[in-house]
Amino acid sequence: MMIAYLDQQLRLGPGAEAIPCLGGGDPGPELVAASQDFGGVIRALPAVVLRPGSAEDVAAAIRMALRSDGLTIAARGNGHSVAGQALAPGGIVLDMRSMGRIELVWSDDGQPCADVGGGVLWGELLEWGVRVHGMAPRSWTDYLGLTVGGTLSNAGISGQAFRQGPQIANVAELEVVTGDAERVVCSPSHRSDLFFAVLGGLGQFGIITRARIPLYRAPPLVKWIRVVYRRVEEYVADAEWLVKGGVFDYVEGFAFVNRGDDPANGWESVPIGPGSVFEPDLIPPGSGPLLYCLELALHHDLNEDVDKKVEEMLRALKYINGLKFTMEVSYVEFLSRVNLSESESRANGSWHAPHPWLNILISASDIVDFDHNVLQPILKDGIGGPMLVYPLLKSKWDPRMSVVLPDSEVFYLVALLRCNQPYPIGPPAEELIAQNREILNLCESNGYDYKLYLPHYESQPEWADHFGRTWARFVDRKARYDSRAILAPGQLIFSRAHPPSSS
Ligand code: FAD
């Protein structure tokens, strides 16, 4: 009955599918899956899950929501949000994984590009690009089980971003269906306001049904390096020196616990390469509770000897003598390096436990203070997973995009990627959420220049504060492209019932 009603209302094209509740109010597995995310903290059941086969199906769903009394629509990429951002309570979840086409195209100026459906995983694009065409995008995320539409709605950050910009700075064209059901192909030169609004736009202005991503020759090999620092001051000085002018293609890093009895957070989390071991005797006496690992990579060709170039760069760095690890891997292996952690985490149960993650973008001028006042006192025992700390350059981000950044040219991503076993083996999620709050309170009370990445707020004044001077533009774009506030209700920015206001 419900399916017949939906078919009649929607007139879905071939390949599309509508999955409502089963009989007797049983939500069924698809709706249950669409009611939760990787964060595992917030849940909300939709009325229906739709698997669109085309942009026209997406437009049909939006038109139905526009005709309805109060239906909302959330695109769901791979559901890897951590605070309910892809949920649609009582509304329509569009399972974008059904839009998984990838096609090789050339732009007018001869640049090879991939035209990818909004639901394609970055890992699928990598496989297709490298194995079939020997080419790849040049900006990535650490983990590749994320969709193109999902990361382009946020930013898409990894160790290449200091040089290539985030993923949102590496898009040539988008096909978007706006919240007013208009299908638009937009680019930096055509309907550019919508193009830039959608990039980092938290799904508020339109649903990305296709993205055109420039491709470049994939390097065959990667020299992967890790070096360990005793003091944060030396770590950040070297990291910033490298992102401003080094030869490396990738610069990341993380803080870890200065202990040997903790495989997830301690010394053992650092070595790479078969048989390599962390030699604790090399750590200078009197070192603090946290140490810092700078992670670097250099792309190269099969017969190219890069050791000299690498050694020259490393010679200038102030890492602890001897605490250096290197490994030679293929480009695909390097970009897939997080797969092993995912398998381990699935095996030990932590993948399905709650993930109260906290991601902060913070000005370089505050990072040492943040380390002394937040990381060292509060997180000295680790968080059960990586504590990423690495610099990015604001000049690689186009200010017309919706994403907001700290004020200074150099800023850091601090990513607290908690990965604990379910309670009672691991800590209760509430405790970790309270710790996140404590960290943010300290950022406020110390006056740090910071913004949340993958932000989550629950009231419009908090969102207005987050966007700061770009809030009026954000509100204006909402009125222009999703005037009834139908899209991405899980972000809790605008309410479907009330028109957005610019106050
Ligand atoms: P979802 O969580 O499904 O959606 C995210 C938001 O985008 C929602 O509001 C949704 O409605 C909207 N959306 C989804 N698809 C579309 C679309 N086609 N059109 C319009 N709006 C859409 N981020 C990084 O930057 N770098 C990393 O290295 C990184 N690593 C991660 C590792 C793991 C294990 C996890 C869980 C997350 C990681 N993230 C990283 C965060 C990731 O970028 C976000 O979770 C992002 O939301 C992508 O996930 P998704 O594709 O599952 O999107």
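In each ligand, atom 1 is the first atom listed, and ligand 1 is the first ligand listed. Numbers for residues simply follow the sequence, beginning at 1. All values below come from the heavy atoms of this structure, side chains included, with hydrogens, waters and symmetry mates left out. Because the structure is a prediction, the values reported are computed rather than measured.
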Mark the output for [X] as yes if a heavy-atom distance to ligand 1 is under 4.0 Å, and as no if none is.
X: W140; value: no
X: D37; value: no
X: G201; value: no
X: G156; value: yes
X: S158; value: no

* Would you call the rings of F38 and H80 parallel, tilted or perpendicular if under 30° counts as parallel and over 60° as perpendicular? ->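 It falls in the parallel class, under 30°.
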Parallel, tilted or perpendicular: rings of W463 and H466 (30°, 60°)
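Ring orientation, 0 to 90° scale: perpendicular.
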Heavy-atom distances under 4.0 Å are what count here, so tell me which part of [X] touches ligand 1: side chain, backbone, both or neither.
X: E342; answer: neither
X: L454; answer: side chain
X: W357; answer: side chain
X: N154; answer: side chain

Under the side-chain hydrogen bond (donor to acceptor under 3.5 Å, both in side chains) test, residues paired with S68 that sit two or more places apart: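 Testing S68 for side-chain hydrogen bond (donor to acceptor under 3.5 Å, both in side chains), a comparison that skips the adjacent residues, returns none.
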Considering only protein heavy atoms, which is closest to atom 50 (P) of ligand 1, and at what distance to one decimal place?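 That would be N78 N, 3.5 Å.
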